[in-house]
Structures are given as structure tokens and as C-alpha cells.
Participant: 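Before anything else, here's the structure in question.
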Amino acid sequence: MPELPEVETIARQLSLVLKKQKLVDLTIHDSKLRVFSSETLRNKQLLQVKRSGKEVLLVFADDLYLRIHLRMTGRLVWIAGRKRIDSSSILLRKGSTDLRPKSIRAEFFFNNGTLFFEDVRRFGTFKLDFESIQGNWIDPTTEQFTVEVLTKLVENSKQQIKTWLLRQDKLVGIGNIYASEILFRSGVHPHRSAGSLKKEEIKNVHSATKYILHKAIKLNGTTFSDYRDSEGETGAFQKFLAVYNREDEKCRRCKNKVICIRQGQRSTYFCARCQE
DNA sequence: ATTATATCCTGATCGC
DNA sequence: TGCGATCAGGATATAA
């Protein structure tokens, strides 16, 4: 579900409310997520909340790093309040928070509120690290991401550029929605092999990536169906999608029909006239 | 060493 | 109304 802009939104919002709070208790309902002892984190101080690739990173005192990957339908929803609320009483949901009690997989009770991890499809993962580990990838929102670096990364790759953009070992953070959007903005056909891109095209992919991701972050991400931020609110970037989920609709640039193809069992949307 | 495919899950939607 | 097939912001283990 969430790609870089969505995870960035959640991490930023949680950072505001959770920084320096104490994790009083936690309950993990889904056994798939019980990959560490609750005792390890109980009563630990949360120092900060960050994004690492597509993961939300909760940094606790004593060098404890909880990595939460939301995968397709994971949500982290914050409900402020001193009183402990659990998944049964959340049925009395209030305000705009759109929690699905059935899908609550874990609850983190802080002294100023509760953080719910909700995940319909149960693809989300927890991992507890005892040191700060940074992947060997480039984050496209950092200054490390330059045209030269991108050129090096795609060099010699025979993989189709759409599928290449989805890999997380080179460039981290792009998912199925933004991959289509980036290629449309770049004017590059999704079938093109990554290594065959010309200088100009790499430049376009580079600037389109930065533009799209930054704009999506500014708009709190894209809500296509499940995505909600930590306050249970939808994103707003879906209003600006040029091709994703717009099959048979008119291309916003040339009025041709947007088409949808399958690449590695994922749909890719593009305009055959605008993307050579 | 890369690259396709199958798999993990639940729920919504569509065609018959 | 019901039922099966298909699809969904992801990533990985396995096969080719």
C-alpha cells in the first residue's frame, strides 16, 4: 500500500506526537508479528520516529529500533488520550479515524495515547534491530540522488524500466502508483529496458521522480483505497494522478486513451502517444 | 547473476 | 442471492 510519500507522511505525523514519550505497554494480537518479546520494549522511551525506505522506524532508548513495514494494507493510527483504549473499545470510534477493529494486529500504549497497527491483509512486518542499520540503497528524496547516481544505477540493466523502478535494492521508496506516474511525466515507455535509457531520458526520470515524490509528500500521499495517515485521514495526491487507475480515460496531455498493461503481475498505466 | 513465477492474506467487485 | 474468478500503494523465496 504505502509508498515513500505515504510512509513519510505517517512518520512525520507520529514524530510530532510520539517523540520522547514512553511506551507503557504493548499488545501484539497477530502471532506473525510476534518476532520479539514485548518485554524488550516495555517502558522504553521513544526517542524519535523516522522513515527508512518504505518502513516506519521507531527509535527507542538503549539502541532499540523497531522497523514497521506496512506492505499493502498496513496502517498506523494514532489516538491521543491518557486513557488506555483497546481494540474492543475502539468500536466506539470517534472523529474521522477510520479504524477497522477486526484488522487491528497490534497496539502500542504510550503515556499520551495509543498507536494502533491495523492491517487487513496481514502482509505487514515488524523487525527489531539492536543497532541502526541503513540499507545499501539511495533514497530519492535525499541529495545523494543525482542524475549521475541514477545513471550509474540503471547502467547495463536489461530490466524493463517500470519493474526496475519497483526494486528496493537500488532506489528505495517507489511503488506501483508512483512508478507509472514518474514514467508518464518522463515521457518514457514502461517497456524500455533501464540500461537503454538515453542521457536525456535519465535526466527526465530523475527530475520527474523528485517532482512527483515531493508533491505527493506535500499532499500527504495518495489514497487509492486503503491508505490513511496516522490521523485516519486520506491523502490528496490522487487528484493529480495522470495515468494510474485511469484506464480508458483521456490522457490529460494528448487526449488519447490511457492504457493498462501487466508487467510482472502488476498493472502499469501509461499513454502510448506521450511515452515513446 | 539476473529475471519470471508463486506465495503470503483478506475483502471488494464483477460477470454469470 | 450466490459463487467463483480476479484484483489490490509489497516483497521474498524459489525456479528457470
Side-chain angles (χ1 to χ4, degrees), chain A residues 1-11 29-33 35 51-56 67-76 98-106 117-127 135-137 140 153-184 190-196 209 212-213 215-217 219-230 233-248 260-269:
Chain A
M1 150 192 185
E3 307 180 32
L4 186 152
E6 291 74 31
V7 181
E8 178 71 28
T9 300
I10 290 169
H29 297 101
D30 190 339
S31 59
K32 286 177 73 178
L33 298 173
V35 292
R51 175 184 62 78
S52 170
K54 286 184 191 172
E55 292 177 326
V56 174
R67 305 184 159 274
I68 302 179
H69 200 308
L70 275 31
R71 297 289 179 104
M72 297 286 255
T73 53
R75 291 177 182 171
L76 283 169
D98 180 26
L99 270 169
R100 296 164 292 196
K102 245 180 97 176
S103 315
I104 292 173
R105 311 295 176 199
F117 177 66
E118 193 213 310
D119 187 7
V120 175
R121 291 178 71 182
R122 303 174 61 211
F123 285 169
T125 57
F126 287 174
K127 187 170 186 292
N136 190 29
W137 31 251
L153 289 177
V154 296
E155 209 170 48
N156 298 326
S157 173
K158 287 184 198 141
Q159 214 168 359
Q160 297 180 335
I161 184 65
K162 158 66 187 331
T163 357
W164 189 91
L165 286 172
L166 296 180
R167 344 175 15 157
Q168 302 296 305
D169 58 333
K170 307 269 185 194
L171 247 198
V172 79
I174 298 171
N176 212 35
I177 292 180
Y178 298 114
S180 283
E181 294 299 312
I182 287 165
L183 290 177
F184 173 77
H191 274 329
R192 293 283 305 285
S193 81
S196 75
T209 300
I212 301 263
L213 294 180
K215 184 167 178 183
I217 289 170
L219 294 170
N220 290 348
T222 302
T223 297
F224 161 65
S225 60
D226 292 300
Y227 170 70
R228 294 290 121 86
D229 66 17
S230 73
E233 304 283 349
T234 63
F237 190 79
Q238 61 275 15
K239 293 174 200 157
F240 298 92
L241 292 175
V243 286
Y244 188 83
N245 204 226
R246 295 192 66 242
E247 189 178 15
D248 294 336
C260 180
I261 57 170
R262 303 290 294 177
Q263 287 179 285
Q265 297 121 270
R266 318 277 322 258
S267 19
T268 300
Y269 297 88

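Everything numeric here is computed off the predicted structure, so don't read it as measured data. Protein chains get the first letters and strands the later ones, always in sequence-line order, with residue 1 at the start of each.
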Participant: Could you pull out all residues at least two apart from A:Lys162 that satisfy side-chain hydrogen bond (donor to acceptor under 3.5 Å, both in side chains)?
Facilitator: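 side-chain hydrogen bond (donor to acceptor under 3.5 Å, both in side chains) list for A:Lys162, sorted by chain: A:Asn176, A:Thr268.
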Participant: Considering only heavy atoms, which members of residues 162-175 of chain A lie under 4.0 Å from some atom of DNA chain B?
Facilitator: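 By residue number: none to list.
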Participant: Between A:Lys54 and C:dA11, is there a contact of a side-chain N or O with OP1 or OP2 at under 4.0 Å?
Facilitator: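 Checking A:Lys54 against C:dA11: at least one side-chain N or O falls below 4.0 Å of OP1 or OP2.
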Participant: Check for a donor-acceptor pair, side chain of A:Arg105 on one end and backbone N or O of A:Val120 on the other, with a separation under 3.5 Å.
Facilitator: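 Yes, the answer is positive, given that a donor and an acceptor are paired below the 3.5 Å cut-off.
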Participant: Provide the distance between the two C1' atoms, one in B:dA4 and one in C:dG9, to the nearest whole Å.
Facilitator: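 Approximately 22 Å lies between the C1' atom of B:dA4 and that of C:dG9.
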Participant: Starting from Watson-Crick (N1-N3 plus N6-O4 or O6-N4) and G-U wobble pairs under 3.5 Å, report the runs of at least three that DNA chain B belongs to.
Facilitator: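 For DNA chain B the paired stretches long enough to count as stems (3 pairs minimum) are B:2-8 with C:10-16, B:10-16 with C:2-8.
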Participant: Quick check: are there more than 12 heavy atoms from other residues, nucleotides or ligands sitting under 6.0 Å from NZ of A:Lys158?
Facilitator: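 At most 12 heavy atoms, drawn from other residues, nucleotides or ligands, come within 6.0 Å of this atom.
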Participant: Let me know the distance between CD of A:Gln159 and C1' of B:dT5, rounded to the nearest Å.
Facilitator: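 Going from A:Gln159 (CD) to B:dT5 (C1'), I get 14 Å.
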Participant: If I take atom CD from residue A:Glu55 and atom OG1 from residue A:Thr125, how far apart are they, to the nearest 0.5 angstrom?
Facilitator: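 Answer rounded to 0.5 Å: 6.0 Å.
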Participant: Rounded to the Å, how far apart are A:Arg75 CZ and C:dG10 P?
Facilitator: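 Roughly 16 Å, once rounded to whole Å.
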Participant: Measure the distance from CD1 on A:Ile68 to P on C:dA11 and round it to the nearest whole Å.
Facilitator: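 Nearest whole value for this atom pair: 15 Å.
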Participant: Given atom CD of A:Gln263 and atom C1' of C:dG10, what is their separation to the nearest angstrom?
Facilitator: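 Atom CD in A:Gln263 sits about 16 Å away from atom C1' in C:dG10.
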Participant: Counting only side-chain heavy atoms from C-beta out, which of C:dC7, C:dG9, B:dT3 sits nearest to A:Ser157?
Facilitator: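 Nearest to the side chain of A:Ser157 among the choices is B:dT3.
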Participant: Within a strict 4.5 Å, meaning less than it, do heavy atoms of the A:Asp30 and A:Phe117 side chains meet?
Facilitator: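 Answer no - side chains too far apart.
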Participant: Any donor and acceptor pair, going by atom type alone, linking the side chain of A:Thr223 with main-chain N or O of A:Gly235 inside 3.5 Å?
Facilitator: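 Side chain of A:Thr223 to backbone of A:Gly235: a pair is present.
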Participant: In whole Å, what separates the P atom of B:dT10 from that of C:dT1?
Facilitator: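 B:dT10 and C:dT1 have their P atoms separated by 26 Å.
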Participant: Does C:dG10 sit syn or anti, given that only angles within 90° of 0 count as syn?
Facilitator: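 Anti conformation for C:dG10.
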Participant: Counting only N and O atoms by type, is there a donor-acceptor contact under 3.5 Å from the side chain of A:Lys54 to the main-chain atoms of A:Ile174?
Facilitator: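 Between the backbone of A:Ile174 and the side chain of A:Lys54 there is a qualifying donor-acceptor contact (under 3.5 Å).
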Participant: CD1 of A:Ile177 versus P of C:dA8: gap in Å, rounded?
Facilitator: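 Distance, rounded to whole Å: 11 Å.
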Participant: Within the modelled atom types, does a donor on one side and an acceptor on the other bring the side chain of A:Ser225 and the base of C:dG9 under 3.5 Å apart?
Facilitator: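 Counting by modelled atom types and ignoring angles, a donor-acceptor contact under 3.5 Å is found here.
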Participant: Answer yes or no: is there a donor N or O on one side and an acceptor on the other, between the side chain of A:Gln160 and the main chain of A:Ala194, under 3.5 Å?
Facilitator: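 Side chain of A:Gln160 to backbone of A:Ala194, a donor-acceptor pair under 3.5 Å: no, none is there.
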Participant: Treating A:Gln263 as the side-chain partner and A:Thr163 as the backbone partner, does any N or O pair qualify as donor plus acceptor under 3.5 Å?
Facilitator: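 Looks like no, no N/O pair under 3.5 Å.
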Participant: Check whether any side-chain N or O of A:His69 sits under 4.0 Å from OP1 or OP2 of C:dG10, and answer yes or no.
Facilitator: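 Answer is no, no contact under 4.0 Å.
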Participant: Hey, could you give me the NZ/CG distance between A:Lys127 and A:Leu33, rounded to the nearest 0.5 Å?
Facilitator: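 Going from the NZ atom of A:Lys127 to the CG atom of A:Leu33 covers 14.5 Å.
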Participant: Mind calculating the distance between CD (A:Glu3) and C1' (C:dG10) to the nearest angstrom?
Facilitator: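 Going from CD in A:Glu3 over to C1' in C:dG10 covers 9 Å.
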Participant: Extract from the structure each pairing of a protein N or O with an N or O of nucleotides 13-15 of chain B at less than 3.5 Å, listing the distance.
Facilitator:
none

Participant: Any donor and acceptor pair, going by atom type alone, linking the side chain of A:Glu3 with main-chain N or O of A:Gly175 inside 3.5 Å?
Facilitator: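 Side chain of A:Glu3 to backbone of A:Gly175, a donor-acceptor pair under 3.5 Å: yes, one is there.
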Participant: Checking side chain to side chain contact (heavy atoms under 4.5 Å, CB included) for the pair A:Arg67/A:Phe126: CA distance, chi angles, key distance, verdict?
Facilitator: CA-CA 6 Å; A:Arg67 305 184 159 274; A:Phe126 287 174; over 6 Å; no
Participant: Just the rounded figure in Å: distance from P of B:dT3 to CZ of A:Arg266.
Facilitator: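 Rounding to the nearest Å, CZ of A:Arg266 and P of B:dT3 are 18 Å apart.
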Participant: Please state the P separation for the pair B:dC9 and C:dT14 - nearest whole angstrom.
Facilitator: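 Each nucleotide's P atom is 15 Å from the other's.
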Participant: Could you tell me which residues satisfy ring-ring contact (aromatic ring centres under 6.0 Å, His included) with A:Phe184, sequence neighbours excluded, listed by chain and number?
Facilitator: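 Once residues adjacent in sequence are excluded, A:Phe184 has no partner under the ring-ring contact (aromatic ring centres under 6.0 Å, His included) criterion.
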Participant: Specify the separation, in whole Å, of atom CZ of A:Arg228 and atom P of C:dG9.
Facilitator: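 Rounding to the nearest Å, CZ of A:Arg228 and P of C:dG9 are 15 Å apart.
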Participant: Walk along nucleotides 6-12 of chain B from 5' to 3' and tag each nucleotide B, S or - by protein heavy-atom contact under 4.0 Å, base first, then sugar-phosphate.
Facilitator: B-BBBS-
Participant: Is it true that A:Asp119 and A:Ser103 share a donor-acceptor pair across their side chains at a distance under 3.5 Å?
Facilitator: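 On atom types as modelled, these side chains do not qualify, holding no pair under 3.5 Å.
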Participant: Side-chain N or O of A:Arg262 less than 4.0 angstrom from OP1 or OP2 on C:dA8?
Facilitator: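 Yes, within the criterion.
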Participant: Looking only at the side chains, is there a donor atom on one of A:Tyr178 and A:Glu6 sitting less than 3.5 Å from an acceptor on the other?
Facilitator: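 Yes, A:Glu6 and A:Tyr178 have a side-chain donor paired with an acceptor closer than 3.5 Å.
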